[in-house]
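So the structure is just underneath, and the comments pick up after that.
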Amino acid sequence: QVQLVESGGGLVQPGGSLRLSCAASGRIFSNNHMGWFRQAPGKEREFVASVTIGSSGSYYIDSVKGRFTISRDNAKNTMYLEMNNLKPEDTAVYYCNAIAGWGSRPAALLAWGQGTLVTVSS
């Protein structure tokens, strides 16, 4: 069955903003830290950012620090990724997942969803 649903992607000009959403089951949100990943054309999937179960902490890779903000609303079983000052290098399919571990290389726990495409181009 479908456990992760990403949405909010689209075409945006460099310097623009987008807000991505990730919907999951209540069991997933109540028991796991959550994270965002992305896969650019011709590249491997990479971890982007994560947030703890109770939103007490977050982690970002260096390339998105100061530009992206991760958050979650457990009452709505939804996680968000606010992306500002987007660059062409941010172009990728973005995925969410429950994660194990903390830091720059957490492990994804569930099967990947369809993802949502973000294209940054003029």
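Positions are given from 1 along the sequence.
In this structure, Asp73 has no side-chain hydrogen bond (donor to acceptor under 3.5 Å, both in side chains) partners at least two apart in sequence or on a different chain. Under the rule for a salt bridge (charged side-chain N to carboxylate O under 4.0 Å, His left out), the partners of Arg67 that lie at least two apart in sequence or sit in another chain are Asp90. In terms of the side-chain hydrogen bond (donor to acceptor under 3.5 Å, both in side chains) criterion, residue partners of Thr52 (sequence neighbours excluded) are, by chain and number, Ser56. Residues meeting the side chain to side chain contact (heavy atoms under 4.5 Å, CB included) test with Asn77, sequence neighbours left out: Phe29. By the side chain to side chain contact (heavy atoms under 4.5 Å, CB included) test, Lys65 pairs with Tyr60, Asp62, sequence neighbours left out. When the salt bridge (charged side-chain N to carboxylate O under 4.0 Å, His left out) test is applied to Glu89, no partner is found at least two apart in sequence or on another chain.
Atom CD of Glu6 and atom CG of Leu81 lie 11.5 Å apart (nearest 0.5 Å). In this structure, the separation between CH2 on Trp112 and CZ on Phe37 is 4.5 Å, given to the nearest 0.5 Å. With rounding to the nearest 0.5 angstrom, the CD1 atom of Ile28 is 10.5 Å from the CE atom of Met79. Here Arg72 contributes atom CZ and Ser21 contributes atom OG; the two are 14.0 Å apart, rounded to the nearest 0.5 Å. Of the inter-residue distances, the one linking Leu20 atom CG with Glu82 atom CD reads 10.0 Å to the nearest 0.5 angstrom.
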Show me the side-chain donor-acceptor pairs of residues 95-107 shorter than 3.5 Å, one per line, residues at least two apart or across chains.
from  : atom 1 : to     : atom 2 : distance (Å)
Asn97 : OD1    : Leu110 : N      : 3.1
Asn97 : ND2    : Leu110 : O      : 3.0

For residues 10-19, which side-chain donor-acceptor pairs fall under 3.5 Å, sequence neighbours excluded?
from  : atom 1 : to    : atom 2 : distance (Å)
Ser17 : OG     : Asn84 : OD1    : 2.9

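A side chain to side chain donor-acceptor pair (under 3.5 Å) check over residues 40-51, counting only residues at least two apart or in different chains, returns the pairs Arg38-Glu46. Pairs passing the disulfide bond (SG atoms under 2.5 Å apart) check and including a residue from residues 27-61, sequence neighbours excluded, do not occur.
Closest heavy-atom contact between Thr91 and Val120: OG1-N, 3.0 Å. Gly115 and Val93 make their closest contact through CA-CG1, 3.9 Å (heavy atoms, listed as atom of the first residue, atom of the second, distance).
Cluster partners of Val2 are Val5, counting Ile, Leu, Val, Met, Phe, Trp and Tyr whose side-chain heavy atoms approach within less than 4.5 Å, directly or via other members. Cluster partners of Tyr80, using a side-chain heavy-atom cutoff of under 4.5 Å among ILVMFWY residues and allowing indirect links: none.
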